[in-house]
Amino acid sequence: MNIAFFLLPKQEVVCLSTHSTLRQTLEKMEFHRYTAVPILKENGAYAGTVTEGDLLWFFKSKQDLVFETAHHFTLADVPLRTKHETVRIDSNMEDLLRLAKVQNFVPVVDDNGIFIGIVRRGEIIEYSAKSLLGNSVK
């Protein structure tokens with residue numbers, strides 16, 4: 001199965017840039033109710049995924065950091081505690097399944113590392129359930 005079938009394209013994915021401030025990050029994550037969001041470099045390459053945990057640990061490490069001063073820091077300042085692996089668009093389902101075990105979504109990149117979208121864990125589970133149980137799964 002071609003993973004492009006499951007791809008949520010970049011235009012439909014909530015992303016942040018390495019220059020996004022912590023305040024922008026928090027507000028965007030709260031608005032969309034996401035616990036993790038992909039980060040992109042200026043050239044569109046995938047830079048990593050920021051999680052709520054990354055932000056909490058960063059706030060904890062900066063004694064003078066409060067929400068009102070969060071606009072003084074960017075995502076480039078935040079250490080990402082987990083490396084979310086990517087797959088290329090020509091990867092197979094086994095690659096997706098391996099990563100979906102530990103990631104809410106799997107970032108998809110082209111041959112140059114440019115971010116082109118994500119595959120959500122829910123889509124993979126739904127496909128797997130239909131494969132195992134037949135089309136009766138909704």
Side-chain angles (χ1 to χ4, degrees):
M1 169 68 62
N2 186 333
I3 70 167
F5 175 76
F6 301 103
L7 185 72
L8 183 65
K10 179 180 177 176
Q11 301 88 312
E12 298 177 31
V13 177
V14 173
C15 297
L16 297 161
S17 80
T18 54
H19 299 297
S20 296
T21 67
L22 289 189
R23 184 175 184 133
Q24 291 168 329
T25 302
L26 289 165
E27 289 173 347
K28 191 171 274 198
M29 290 176 82
E30 179 184 31
F31 179 80
H32 292 284
R33 301 185 60 99
Y34 291 152
T35 60
V37 178
I39 305 168
L40 305 182
K41 298 177 184 174
E42 285 184 35
N43 66 353
Y46 175 75
T49 295
V50 65
T51 66
E52 289 176 326
D54 296 329
L55 299 174
L56 288 170
W57 285 110
F58 187 72
F59 268 85
K60 183 180 182 282
S61 72
K62 302 286 183 193
Q63 300 301 320
D64 58 336
L65 176 58
V66 293
F67 183 73
E68 289 75 23
T69 62
H71 63 279
H72 295 295
F73 298 90
T74 68
L75 282 178
D77 301 319
V78 178
L80 303 180
R81 300 174 67 82
T82 304
K83 182 181 185 307
H84 287 72
E85 291 187 49
T86 63
V87 294
R88 289 187 6 189
I89 191 65
D90 59 354
S91 295
N92 57 41
M93 279 303 291
E94 290 79 23
D95 295 331
L96 278 179
L97 289 170
R98 180 180 55 81
L99 294 176
K101 288 188 316 186
V102 294
Q103 297 177 194
N104 292 336
F105 60 85
V106 180
V108 182
V109 296
D110 67 11
D111 292 341
N112 297 316
I114 302 300
F115 179 80
I116 58 175
I118 64 171
V119 176
R120 296 176 285 200
R121 182 187 294 166
E123 298 288 326
I124 298 167
I125 292 171
E126 186 176 324
Y127 167 79
S128 299
K130 284 181 180 178
S131 296
L132 290 171
L133 304 172
N135 288 334
S136 62
V137 177
K138 296 190 188 226

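Since we're looking at a predicted model, the values are computed, not measured.
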**Q.** Donor-acceptor contact present, side-chain Q63 to main-chain K60, <3.5 Å
**A.** yes
Just list the side-chain donor-acceptor pairs under 3.5 Å for residues 104-116, sequence neighbours left out, or say none.
from: D110; atom 1: OD1; to: N112; atom 2: N; distance (Å): 2.8
from: D110; atom 1: OD1; to: G113; atom 2: N; distance (Å): 3.2
from: D110; atom 1: OD1; to: I114; atom 2: N; distance (Å): 2.9
from: D111; atom 1: OD1; to: R88; atom 2: NE; distance (Å): 3.4
from: D111; atom 1: OD1; to: R88; atom 2: NH2; distance (Å): 3.4

Q: Any chance you could measure K83, atom NZ, to T86, atom OG1, to the nearest 0.5 Å?
A: 6.5 Å
Q | E27 CD to S20 OG distance, which is reported to the nearest 0.5 Å | A | 11.5 Å
Q. In terms of hydrophobic clusters joined by side-chain contacts under 4.5 Å, are V102 and M93 together?
A. no
Q) Under 3.5 Å, is there a donor-acceptor pair between the side chain of E12 and the main chain of P9? A) no
**Q.** Inter-residue atom distance I118.CD1 - R121.CZ, 0.5 Å rounding
**A.** 12.0 Å
Q) Does any non-hydrogen side-chain atom of V119 lie less than 4.5 Å from one of L8? A) no
Q. Shared ILVMFWY cluster between V66 and L26, side chains joined below 4.5 angstrom?
A. no
Q. Do any N or O atoms from the side chain of T69 and from the backbone of L65 form a donor-acceptor pair under 3.5 angstrom?
A. no
Q: Look at the side-chain heavy atoms of Ile, Leu, Val, Met, Phe, Trp and Tyr, link any pair under 4.5 Å apart, and say whether L99 and L7 land in one connected group.
A: yes
Q: Determine whether S61 and W57 make a side-chain contact, defined as any pair of heavy atoms from C-beta on separated by less than 4.5 Å.
A: no
Can you give me every donor-acceptor pair (side chain of residues 29-49, partner residue at least two apart or in another chain, under 3.5 Å) with its distance?
from: E42; atom 1: OE2; to: H19; atom 2: NE2; distance (Å): 2.7
from: N43; atom 1: OD1; to: A45; atom 2: N; distance (Å): 2.9
from: Y46; atom 1: OH; to: T49; atom 2: N; distance (Å): 3.3
from: Y46; atom 1: OH; to: T49; atom 2: OG1; distance (Å): 2.6
from: Y46; atom 1: OH; to: H84; atom 2: O; distance (Å): 3.4

Q: Give, for atom OG1 of T82 and atom CG of D54, the distance between the pair rounded to the nearest 0.5 Å.
A: 6.5 Å
Q: Give, for atom NE2 of H72 and atom CG of D64, the distance between the pair rounded to the nearest 0.5 Å.
A: 9.5 Å
Q | The single option from L96, L133, L97 passing side chain to side chain contact (heavy atoms under 4.5 Å, CB included) against S128 | A | L97
Q.
I'd like to know whether R81 forms a side-chain contact (heavy atoms from CB on, under 4.5 Å) with T51, so could you lay out the CA-CA distance, the side-chain angles of the two residues, the decisive distance to 0.1 Å, and finally the verdict.
A. CA-CA 9 Å; R81 300 174 67 82; T51 66; over 6 Å; no
Q.
Could you walk me through whether N92 and I3 satisfy the side-chain contact (heavy atoms from CB on, under 4.5 Å) test, starting with their C-alpha distance in whole Å, then the side-chain angles of each, then the deciding distance to 0.1 Å, before giving a yes or no?
A. CA-CA 6 Å; N92 57 41; I3 70 167; 5.9 Å; no
(Q) Quick check on the 6.0 Å ring-centre criterion: do F58 and F73 meet it? (A) yes
(Q) Restricting to non-hydrogen atoms, name the atom on E68 and the atom on R23 that form the minimum distance, rounded to 0.1 Å. (A) CA-NH1, 4.3 Å
Q) Linking I/L/V/M/F/W/Y whenever any side-chain heavy atoms sit under 4.5 Å apart, do L56 and L16 land together? A) no
Q.
So, taking the atom named CG in D77 and the one named CG in L22, what distance separates them when rounded to the nearest 0.5 Å?
A. 7.0 Å
Q: Check the pair T25 / L55 against side-chain contact (heavy atoms from CB on, under 4.5 Å), numbers first and verdict last.
A: CA-CA 9 Å; T25 302; L55 299 174; 3.9 Å; yes
Q: Could you tell me whether R98 and E85 have a side-chain N and a carboxylate O separated by less than 4.0 Å?
A: yes
